[in-house]
> 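Please read through the structure below; I'll follow up with questions.
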Amino acid sequence: YWFRYYFCGSRKSGGNFKKIMLNELIIFFTAALPLSELRGAIPLAILKFGFSPYKALGLSLMGNILPVLPLLLGLEKISEYLSRKFYWFNRFFNWLFDRARIKHSEHFIYWGDLALFIFVAIPLPLTGVYSGAVAAFVFGVPLKHAFWSIVLGVLAAGFIVTAVTIFGENIFKYLFL
């Protein structure tokens, strides 16, 4: 029984396979969205759909890690294309990169990949995969280092959000129910 609860099932679905699959897809794609990422998908999975913490964490991690590599590879190509095609994009990107590197390169050189990891691992809005990929692109972090820093940051953020969600749910039940 405990295995089915923690790894397979949902407390609120009643065993309906289609409903479970739809809920899993909702969680997966919610985690892949730029605004919510896993910071919104894990509480949604646990509190709304009744997934076990392990299942919520696994689906959210898969959905959130999915866009990392396409983002890291695509940002440079999009930037080059827009810079060649439109003069004002070229000016904007040059201004943005110069300004960011002047203001923050000292910190980034000192902290290195750890800075990117911490930035992605902080479970606050707008500090996830998408912002981490943009930061890695702006600071010129090598692809391999950026990928692993972002993935490890997502893992850390996932564990933090899951723990806070479970803790908050239990405190709410203890105090109000």
Side-chain angles (χ1 to χ4, degrees), residues 3-13 17-81 96 100 104 107-108 111-169:
F3 180 81
R4 270 191 42 216
Y5 168 73
Y6 281 105
F7 293 103
C8 304
S10 166
R11 294 181 297 213
K12 296 181 182 177
S13 68
F17 181 74
K18 287 182 182 178
K19 190 173 184 181
I20 292 171
M21 281 305 295
L22 179 63
N23 292 346
E24 288 175 348
L25 288 173
I26 289 171
I27 296 305
F28 182 83
F29 288 114
T30 301
L33 291 173
L35 196 57
S36 61
E37 297 191 14
L38 61 73
R39 291 145 179 82
I42 290 174
L44 179 67
I46 293 173
L47 301 176
K48 170 74 172 121
F49 296 135
F51 285 172
S52 71
Y54 300 109
K55 186 174 183 179
L57 180 63
L59 287 170
S60 299
L61 286 174
M62 287 187 290
N64 204 206
I65 292 172
L66 177 73
V68 173
L69 199 56
L71 276 171
L72 290 173
L73 294 173
L75 281 174
E76 187 172 345
K77 291 184 183 358
I78 291 171
S79 170
E80 288 174 3
Y81 173 76
L96 176 69
H104 303 291
H107 300 291
F108 199 84
W111 288 97
D113 294 338
L114 184 63
L116 188 58
F117 165 77
I118 291 171
F119 180 73
V120 175
I122 296 172
L124 293 173
L126 304 176
T127 61
V129 167
Y130 292 88
S131 301
V134 169
F137 171 65
V138 168
F139 289 108
V141 179
L143 181 69
K144 192 181 219 181
H145 293 268
F147 178 77
W148 287 112
S149 295
I150 291 172
V151 167
L152 292 174
V154 167
L155 282 168
F159 287 123
I160 292 168
V161 171
T162 303
V164 168
T165 302
I166 294 169
F167 180 74
E169 180 184 29

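Heads up: numbering here begins at 1 and tracks the sequence.
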> Would you check if the side chain of Ser79 reaches a backbone N or O of Leu75 as a donor-acceptor pair within less than 3.5 Å?
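Not confirmed, Ser79 side chain does not pair with Leu75 backbone.
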> Run Leu38 and Leu61 through side chain to side chain contact (heavy atoms under 4.5 Å, CB included) and show every step you take.
CA-CA 7 Å; Leu38 61 73; Leu61 286 174; 3.9 Å; yes
> Less than 4.5 Å apart, any side-chain heavy atom of Leu44 and any of Ile26?
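Answer yes - side chains close enough.
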> State which residues pass ring pair (Phe, Tyr, Trp, His ring centres under 6.0 Å) with Phe119; sequence neighbours excluded, sorted by chain then number.
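Here no residue qualifies.
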> Could I get the full list of ring pair (Phe, Tyr, Trp, His ring centres under 6.0 Å) partners for Tyr130, not counting sequence neighbours?
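Testing Tyr130 for ring pair (Phe, Tyr, Trp, His ring centres under 6.0 Å), a comparison that skips the adjacent residues, returns none.
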> Side chains of Leu114 and Phe117: closer than 4.5 Å at any heavy-atom pair?
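They are in side-chain contact.
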> When rounded to the nearest 0.5 angstrom, what distance separates CD1 in Ile166 from CG in Leu57?
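That separation rounds to 9.0 Å.
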> Donor-acceptor check, side chain of Glu76 to backbone of Phe137, threshold 3.5 angstrom: yes or no?
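Not at all, since once roles are kept as given, no pair shorter than 3.5 Å links the two residues.
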> Could you list all the salt bridge (Lys or Arg N to Asp or Glu O under 4.0 Å) pairs where at least one residue sits in residues 126-135, not counting sequence neighbours?
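Checked against salt bridge (Lys or Arg N to Asp or Glu O under 4.0 Å) - neighbours excluded - no pair reaches residues 126-135.
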> Answer yes or no: is there a side-chain heavy-atom contact under 4.5 Å between Leu35 and Leu126?
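Result yes, sub-4.5 Å side-chain heavy-atom pair found.
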> Any sub-3.5 Å donor-acceptor pair from Asn23's side-chain atoms to Phe49's backbone N or O?
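Checking the backbone N and O of Phe49 against the side chain of Asn23, no donor-acceptor pair under 3.5 Å is found.
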> Val141 and His145: which non-hydrogen atoms are nearest, and at how many Å?
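Of all heavy-atom pairs spanning Val141 and His145, the closest is CG1-CB, 3.9 Å.
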> Taking Pro125's backbone N and O only, do any of them form a donor-acceptor pair with Arg39's side chain (distance below 3.5 Å, no angle check)?
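No.
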> Work out which heavy atom in Ala156 is nearest to a heavy atom in Ala121; give both atom names and the distance.
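Reported closest heavy-atom pair: CB-CB, 3.8 Å.
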> Roughly how far, to the nearest 0.5 Å, is the CD1 atom of Ile160 from the CG atom of Leu124?
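Reported value, rounded in 0.5 Å steps: 9.5 Å.
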> Show your working on side chain to side chain contact (heavy atoms under 4.5 Å, CB included) between Thr127 and Val120 and close with a plain yes or no.
CA-CA 5 Å; Thr127 61; Val120 175; over 6 Å; no
> Within a strict 4.5 Å, meaning less than it, do heavy atoms of the Glu24 and Ile27 side chains meet?
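They are not in contact (no side-chain heavy atoms under 4.5 Å apart), so the answer is no.
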> Would you please name every residue forming a side-chain contact (heavy atoms from CB on, under 4.5 Å) with Thr165, sequence neighbours left out?
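If we apply the side-chain contact (heavy atoms from CB on, under 4.5 Å) test to Thr165, skipping adjacent residues, the hits are Ile42, Pro43, Ile46, Leu47, Val161.
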> Where is the tightest heavy-atom contact between Leu116 and Gly132, given as atom of each residue plus distance?
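What the structure gives for the nearest pair is CD1-O, 3.4 Å.
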> Could you work out, with side-chain contact (heavy atoms from CB on, under 4.5 Å) as the rule, every residue matching Phe147, not counting sequence neighbours?
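Once residues adjacent in sequence are excluded, the partners of Phe147 under the side-chain contact (heavy atoms from CB on, under 4.5 Å) criterion are Val68, Leu69, Leu72, Val151.
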> Kindly write out the residues that satisfy side-chain contact (heavy atoms from CB on, under 4.5 Å) with Ala32, not counting sequence neighbours, or none if the list is empty.
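Ala32 satisfies side-chain contact (heavy atoms from CB on, under 4.5 Å) with no other residue.
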> Are any of the side-chain heavy atoms of Leu66 and Phe28 separated by less than 4.5 Å?
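Sidechains of Phe28 and Leu66: in contact.
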